[in-house]
Amino acid sequence: MIDEFSIPLHLVDRHVTRMKIISPSNLTVDFGSRTLKSHEFIPMLRREVLDSFLRSRAQSNGAHFITGLVTDIEVPDFFSSKPYVIHHTINNRKQSLAVDLIVGADGANSRVAKIIDAGNYSCAIAFQERIKLPDEKMEYYHDLAEMYVGNDVSPDFYAWVFPKCDHVAVGTGTVCARQNIKVYQRGIRERVREKIKGGKVIKVEAHPIPEHPRPRRVRGRVALVGDAAGYVTKCSGEGIYFAAKSGRMCGEAIVKASEGGEKMISEEDLKREYLREWDRKYVNTFRFLDLLQKVFYGSDVGREALVELCGDEYVQRMTFDSYLYKKLATGDRWGDVKLVLNTFGSLMRCKVLGREMEALKL
């Protein structure tokens with residue numbers, strides 16, 4: 001995203017080049033130090049900084065900003081060319097705006113999606129605390145991010161410690177046990193207790209995360225992008241790049257179908273130029289990551305196997321190539337065969353180990 005969307009490097013708080021993945025039994029694997037190339041890193045930014053930059057750049061390129069609250073949208077008949085009317089309030093004053101088409105980029109709780117009856121989706125909840133650490137503690141996370149897995153931190157996702165400018169973000173997420181999110185947050189704080197000792201919480205955040213695309217992402221002359229459309233990957237829970245990419249692809253599709261604004265577009269135009277192209281590029285990525293989450297995140301056996309596999313350099317290279325460049329990496333056939341065999345072997349070993357640990361408890 002840094003390159004593709006011309007994000008200035010001065011916005012990047014931290015250049016992460018090392019990761020640690022910690023299993024339920026505290027098996028720790030160093031991830032990235034041997035496999036990242038010299039120019040590669042995971043950029044850590046604060047959303048408020050990135051969002052402010054993107055808004056300002058859009059405005060300088062001609063976008064007209066209205067700071068208000070959408071209250072309702074009048075939807076014309078399906079075959080009508082009449083405008084959509086967006087009702088909104090500005091400083092408690094009612095306003096309306098007639099438009100030819102709408103791109104709904106209004107997040108997981110999208111009002112636009114509700115109005116066009118785009119259908120529901122399951123949502124995870126992500127909860128994190130920003131914690132300012134003493135200098136010597138912060139130095140440990142200078143270029144390091146950590147991921148923790150285990151039933152104590154999440155029953156179906158992972159927990160994290162990500163370094164930001166002068167603090168760390170410590171958090172977790174879950175779909176199946178959202179009501180217990182604070183229990184899992186206490187779990188990750190306990191796992192990293194010594195590392196964050198002396199830290200001060202400076203901000204608490206919680207956000208819904210879509211678990212899959214909505215049943216309908218285009219209806220009439222309305223299209224959904226980003227979280228509103230449900231473009232968040234399983235396993236990593238990432239949505240920033242896919243929000244930006246879907247917004248750009250949708251905008252380019254509108255310009256193309258309308259011949260630069262010279263003719264009215266239709267639902268079929270949006271489906272052909274935007275949705276089909278999006279699905280062609282990314283649907284297999286989303287399906288593959290969904291499968292990985294089901295295999296490795298559903299039990300401590302799977303999580304132990306995941307961490308064990310992450311020690312393999314081939315796994316690390318494939319993971320980073322897919323994560324950094326947003327497409328499924330192409331490996332070699334023999335490497336893929338070995339990976340499948342190692343996966344089954346790790347799952348079996350961890351299953352046996354799990355039974356032995358339960359027997360010891362008894």
How would you list all residue pairs meeting side-chain hydrogen bond (donor to acceptor under 3.5 Å, both in side chains) that involve residues 205-230, not counting sequence neighbours? Tyr121-Arg214, Gln128-Glu205, Arg130-Glu205, Arg217-Tyr231, Arg217-Asp279
Would you sort out whether Glu74 and His87 count as a side chain to side chain donor-acceptor pair (under 3.5 Å), showing the intermediate values? CA-CA 8 Å; Glu74 289 182 32; His87 297 287; 2.6 Å; yes
Assign the ring pair His15 / Phe41 to parallel, tilted or perpendicular, where the plane angle (0 to 90°) is split at 30° and 60°. tilted
Look at the aromatic rings of Tyr158 and Trp160 and report parallel, tilted or perpendicular, splitting at 30° and 60°. perpendicular
In the hydrophobic cluster built from side-chain contacts under 4.5 Å, what are the other members alongside Val170? Ile22, Ile125, Phe127, Ile131, Leu133, Met138, Tyr140, Tyr141, Leu144, Tyr148, Val153, Val161, Val168, Ile181, Ile188, Val192, Ile196, Val201, Val204
Transitive ILVMFWY cluster of Ile209 at side-chain heavy atoms under 4.5 Å: who else is in it? Val232
Closer than 4.0 angstrom, basic N to acidic O: yes or no for Arg303 and Asp300? yes
Any carboxylate oxygen within less than 4.0 angstrom of a Lys/Arg side-chain nitrogen, looking at Arg14 and Asp143? no
Scan side-chain atoms only and decide if [X] and [Y] contain a donor-acceptor pair under the 3.5 Å cut-off.
| X | Y | result |
| --- | --- | --- |
| Ser266 | Asp269 | yes |
| Glu252 | Tyr274 | no |
| Glu304 | Ser25 | yes |

Could you walk me through whether Glu146 and Lys20 pass the salt bridge (Lys or Arg N to Asp or Glu O under 4.0 Å) test, one step at a time? CA-CA 5 Å; Glu146 292 181 325; Lys20 290 182 183 292; over 6 Å; no
